[in-house]
Amino acid sequence: MNRETSVGALEFAAALALTRVFSEATSLPGEYVTYGMQRFTVIIVSFLLTAVSYIPLYFLLRNIPSGVLFSGKRGKALHGFTAALFGVLLLTGAADTGLRAHYYASSTVFDSAPSWYFYIFIGVALTFAIVKGIGAVSRTSLIVFAALVMLLVLMTAALAGEIKPDRLYPALIDDAQTFPQEVIREFSLNGELLIFAALYGSVRGEKRVIPLYLGISCAMILVMTLLYNTVFGYLTSKLDYPFYTLSSVSDITLLHRINGIDVTIWVMAAIVKLALYTFAVRALAQSRLRSTAAVNIITAGFVPGALGLSWVFTKRPELFAPIKALCETGLPLVIAALLPLADALPAILRKKRSERI
Amino acid sequence: MKKARIAFLAAAVLTLSGCVPHTELDKLAIAEMVGIDRDADSCTVTLQYFNTDASGGVTAVDSSLPNAVTAKGRGRTVEAALEAVSYISGKEVMLGAAEMIVFGSGAADSLHDRLSFAASHYTGNPRCYVAFTDGKAADILNVKFTEGNASVDKLEGMMRNAEALGLCRTLRLYEAMEMLSEPTESLVMPMMTLYEANSDYTENGTSITFTGGALCTGGRLADKLTVGEMSGVHILTTRGGTCEMTFAVGSEDARVMLYGISAKLTPGLSEDTLTLRFDLSADCKYVGTSLTDPYRSRDKLRELCEQEMTARATSALSKALTTHGADIFGLSYKIRANSPALWQQIEGEYRDKLKAADIEVQTRVSIERFGTVHG
């Protein structure tokens, strides 16, 4: 990856935080946010788990130069397999993103438009984003992220009179039986690990990205949860999109209801996330293939592939159900965290051994 | 090449926007107020909506081209009745600007289902007010104030004034849905009543006043609250709100405003009986008085205020908790925040515990402002 085309750590961290919060605000059918203090503990523990899952990547960052993931020359078959598996995980993550964006948009302001229109609209915007490159996408995501922060501040100010602190109570875990399952489900939303693993070579000061992104996104999700709990109380558990409802309740004299801004932000976030997945696939292809044409074909094919898969899952949710169930175990993320390390470890060990000799 | 690519993408986005199914503004019935009545087997929805076709009226109340018109529809459910309204009016109903939903006396059961038409729809306005009438909701919408049909703005203003005077507690849609999600599924809606009015105010001789509240619990209309009891609900649930009261001090009158009202709950469990101790506090100022010396009368007045606040709060607690076991005050949150262990003990039989609860109300009022003119 060319350093001249790389992006700053803050921009990239903002992009990852934006996409992480997107996953939180645009739940899939059956994924519900619940009322209670346990939710705060779930978020904090899941982010700690996520931080732990980045350790293998940190180890890699220390030992191999940027941008050479899955590019070992020996054992081509093994490297090819790990790269392909990683590619499948990226495709699943992108399909999940498309699906979330579609369910969210069609449940809110986009309720009467046909699904194909939504995917074409996203596809066109996504193509434009990919043409502009990772630098432009990261800069855009920084702007969208700033808009999200402003929206959150605006909503908090508008809802100041509605916030009832006595809806919080001193407890860490309400139900010990559901707690581990909720933590793992929350952990499984961190698909940004895949993006970072493939794209860290494009980032300046890549070691700063993880703490920045984890800290920012965890803080934002905690603030959102605080607002859900203190404004909606028991109703939180019955809301499909609590953030959308929160923005609908926020009454600002000039703007009246600000849920339109909310929808704009999440659609933009979906485009950013899909673009990042596409860049990740391109980086993966570049690490394995010498032919530029082949890389371009794979990159170009990824967009319709991911959106097409989302569209199929929209029409046939039963096909997505087992994939979703598997993703919610957190296993794909664990594999994603270990795969680059497993791929590069023999080379690193060989290098260390030769240095010693 | 780059410019052509961008032009192509821009053209695609712009031209595709025409493919989205949409409704033009003049084909929309922009709901301002929804009235829901129910008889044995059907639901009647009366919709007051903004008449976009009449936007050329000479004034906002031009009776030849009314800007607010009403339409009625019947159906098995509220949703079906709304579809009938849409069919009859020839317009698509848009709920995003609806400011009030009024339930008639027969329609206040199964409120969770009845409200879902607005609460679960993306265009529904979660901030719209929810109210009840002891008659028919359609009659409320048919009141013709001299400044137009039962303008929702006027009703909203009346409701806010009633709340500022401490006569009722307003309820918004999202608050109603939240209260229906609490353990006893209870809420109280402000109640409106029609009365014969001076023809200066209304065209058809009827107007609207607030006469207390409607208590719904366990999916049905359980009881009605008097104005005093509704005032008690307001006192117990407001955060820094206000309430006006008039007292006779000897042969003189004094009207005072209580402000900064707050209620602190201390729950406990004594021999398996839930004990609820409420400490109410407020500041007080004179609104108007004929007292010769308001300063000297302050202790007497403070005592009267404390007695009245205690009486109103106690009557509301007695009606809601002791009679119906209905938590319309959000006590479950406060009990849990105060003592999660206590909440765990009573959670399973919360309604029964509330019915048998030992309730104590203590009130403290301070008077610091005495106005600028006396006697």
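Both backbone and side-chain heavy atoms feed into the values below; hydrogens, waters and symmetry mates do not. Order of the sequence lines fixes the chain letters, A, B, ..., with proteins taken first and strands second; residue numbering starts at 1 for each chain.
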For this session: Would you check if the side chain of B/Y333 reaches a backbone N or O of A/Y234 as a donor-acceptor pair within less than 3.5 Å?
Result: yes
Seminar exercise, completed: Closest non-hydrogen contact found for B/S181 with A/L235 is OG-CD1, 3.9 Å
Exercise. Is it true that atom CH2 of A/W311 has more than 12 heavy atoms of other residues, nucleotides or ligands lying nearer than 6.0 Å?
Worked result: no
For this session: Would you mind checking which part of B/S339 comes under 4.5 Å of any heavy atom in chain A, side chain (CB onward), backbone (N, CA, C, O), both or neither?
Result: neither
For this session: Look up atom OH in B/Y174 and atom CG in A/L246, then write down how far apart they are to the nearest 0.5 Å.
Result: 9.5 Å
For this session: Would you mind checking which part of A/K132 comes under 4.5 Å of any heavy atom in chain B, side chain (CB onward), backbone (N, CA, C, O), both or neither?
Result: side chain
For this session: Decide, yes or no, whether a salt bridge links A/E162 with B/R127 under the criterion of side-chain N to carboxylate O below 4.0 Å.
Result: yes
Seminar exercise, completed: Applying a strict 4.5 Å limit to non-hydrogen atoms, the region of B/R239 in contact with chain A is side chain
For this session: Decide yes or no for A/K238 and B/E178: does some side-chain heavy atom of the first lie under 4.5 Å from some side-chain heavy atom of the second?
Result: no
Exercise. Once you round to the nearest 0.5 Å, how far does CE of A/M37 lie from CZ of B/R336?
Worked result: 10.0 Å
For this session: Against chain B, label A/Y241 side chain, backbone, both or neither, depending on which of its atoms sit under 4.5 Å from a heavy atom there.
Result: neither
Problem set entry | Euclidean distance, B/L331 CG relative to A/D166 CG, rounded to 0.5 Å | 10.0 Å
Problem set entry | Per-residue contact mode, B/Q344 against chain A (heavy atom under 4.5 angstrom) | neither
For this session: Give the minimum heavy-atom separation between A/P170 and B/A337, together with the two atoms involved.
Result: CD-O, 3.4 Å
